[in-house]
Amino acid sequence: MSDTNKNVSDYDLAHEECRVIADILMCIGDKWTVMVVGALAKGSRRYNEILKSVPSVSQRMLTLTLKNLERDGLVSRTQYPTIPPRVEYTLTKRGQTLVVPLHSLWLWAQQNRAALDESRREFDQLHKAQGKW
C-alpha cells in the first residue's frame, strides 16, 4: 500500500500512540514534576527538603507529584523504621534518564526567555491594535 493510501488500522495505531505519548509528556512536562526531578537529581531527599527546594509548591501538590512519580516508576520512596519515621525519595534509574532532557529544556527556557517575552509583547500589541485580542 502506498504512503498516500494509509490503512485505517494504521491510522488508529498512530493516533493511539500519539495519545499515549501526549499523556506521558503531559505528566513529565508538568511544572512541579520538572522541579521535583530537578531537586532529586542532586540525590535522595526527605519530603521537607524537597518542599523547601521547590519554590511555591504546596504540600498537597508535592504529595500528589511524588505519588505520581512513584506510580510511573520515576521515583522510589524508602521508609526507614525509626522514630519518628524517616522517608526518603530517590530518582530511580528510569527517573535519572529524565535529568539530562529536562536540564536541556531548562537551559533552552533560560536562553530564550527574553526573546519569548518580546515576541509575546509584539503579538499582543499587534492584535490589540487590530481589535483581535
Side-chain angles (χ1 to χ4, degrees):
M1 189 172 281
S2 74
D3 288 339
T4 57
N5 293 324
K6 284 196 159 243
N7 189 336
V8 172
S9 63
D10 291 341
Y11 173 78
D12 291 342
L13 178 63
H15 181 73
E16 178 63 17
E17 187 175 340
C18 285
R19 189 195 61 72
V20 170
I21 297 299
D23 181 55
I24 291 168
L25 290 174
M26 197 166 49
C27 291
I28 64 170
D30 171 80
K31 77 176 179 178
W32 301 123
T33 297
V34 171
M35 301 291 275
V36 169
V37 169
L40 292 174
K42 299 168 187 157
S44 297
R45 298 265 178 119
R46 295 177 73 172
Y47 182 89
N48 283 330
E49 292 175 309
I50 301 168
L51 188 63
K52 289 176 187 172
S53 67
V54 178
S56 303
V57 69
S58 67
Q59 289 184 358
R60 176 173 157 47
M61 280 310 303
L62 180 56
T63 299
L64 288 171
T65 301
L66 287 167
K67 282 185 186 283
N68 286 331
L69 288 169
E70 187 178 3
R71 181 175 178 245
D72 288 341
L74 301 173
V75 166
S76 65
R77 180 182 185 275
T78 305
Q79 185 168 346
Y80 296 94
T82 60
I83 297 176
R86 188 181 78 173
V87 177
E88 286 187 349
Y89 295 90
T90 308
L91 289 176
T92 62
K93 286 184 180 183
R94 184 180 312 136
Q96 290 170 1
T97 66
L98 268 178
V99 173
V100 171
L102 290 180
H103 183 70
S104 295
L105 286 171
W106 181 273
L107 289 175
W108 183 90
Q110 285 182 319
Q111 293 166 354
N112 290 280
R113 183 175 142 194
L116 289 171
D117 287 345
E118 180 60 27
S119 292
R120 289 172 179 172
R121 275 192 297 279
E122 289 173 5
F123 180 92
D124 292 348
Q125 286 175 351
L126 175 65
H127 286 79
K128 281 180 186 177
Q130 295 175 350
K132 295 180 180 178
W133 196 249

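Residues T92 and V75 are not in side-chain contact: their nearest non-hydrogen atoms beyond the backbone lie 4.5 Å or more apart. Proximity of Y89 to R77: side-chain heavy atoms (C-beta onward) are separated by under 4.5 Å at one or more points. V37 is listed as a side-chain neighbour of L91, based on a closest heavy-atom distance under 4.5 Å. At a threshold of 4.5 Å between non-hydrogen side-chain atoms, the residues Q59 and L51 count as touching. Put simply, the side chain of P55 reaches to within 4.5 Å of the side chain of M35, judged on heavy atoms. The side-chain heavy atoms of R46 and R86, taken from C-beta on, include a pair separated by under 4.5 Å. A 4.5 Å side-chain heavy-atom check between W106 and P101 finds every atom pair outside the cut-off.
Between L62 and V57, the shortest heavy-atom distance links the atoms N-CG2, 3.7 Å. Across all their heavy atoms, Q79 and P85 have their closest contact at NE2-CB, 3.8 Å.
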*Show the numbers, then the answer: is there a side chain to side chain contact (heavy atoms under 4.5 Å, CB included) between L74 and I28?*
CA-CA 10 Å; L74 301 173; I28 64 170; 4.2 Å; yes
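How far CD of E122 is from NE2 of H127: 12.0 Å, rounded to the nearest 0.5 Å.
With sequence neighbours left out, R113 forms a side chain to side chain contact (heavy atoms under 4.5 Å, CB included) with D117. With sequence neighbours left out, R19 forms a side chain to side chain donor-acceptor pair (under 3.5 Å) with E16. A search for side chain to side chain donor-acceptor pair (under 3.5 Å) contacts involving S44 returns T90, not counting sequence neighbours. Residues passing the side chain to side chain contact (heavy atoms under 4.5 Å, CB included) test with V34 are L102, sequence neighbours excluded. For T78, the side chain to side chain contact (heavy atoms under 4.5 Å, CB included) test picks out Y80, with sequence neighbours left out. Residues satisfying the side chain to side chain donor-acceptor pair (under 3.5 Å) test with E118, not counting sequence neighbours, are R121.
If you chain together hydrophobic residues whose side chains sit under 4.5 Å apart, V100 and L40 never meet in one group. Residues M26 and L64 fall into different hydrophobic clusters, defined by Ile, Leu, Val, Met, Phe, Trp and Tyr side chains chained together at heavy-atom separations under 4.5 Å.
A donor-acceptor distance shorter than 3.5 angstrom exists from the side chain of D30 to the backbone of T33, with no hydrogens or angles considered. In this structure, H103 contributes its side chain and V99 its backbone to no donor-acceptor pair below 3.5 Å.
Clustering of Ile, Leu, Val, Met, Phe, Trp and Tyr side chains at separations under 4.5 Å places L116 together with W108. Grouped with I24 in one hydrophobic cluster are V20, the linkage being side-chain heavy-atom contacts under 4.5 Å among Ile, Leu, Val, Met, Phe, Trp and Tyr residues. Under the 4.5 angstrom side-chain criterion for Ile, Leu, Val, Met, Phe, Trp and Tyr, I83 has no cluster partners at all.
For residues 62-74, the pairs satisfying side-chain hydrogen bond (donor to acceptor under 3.5 Å, both in side chains) are Y47-T63, with sequence neighbours left out.
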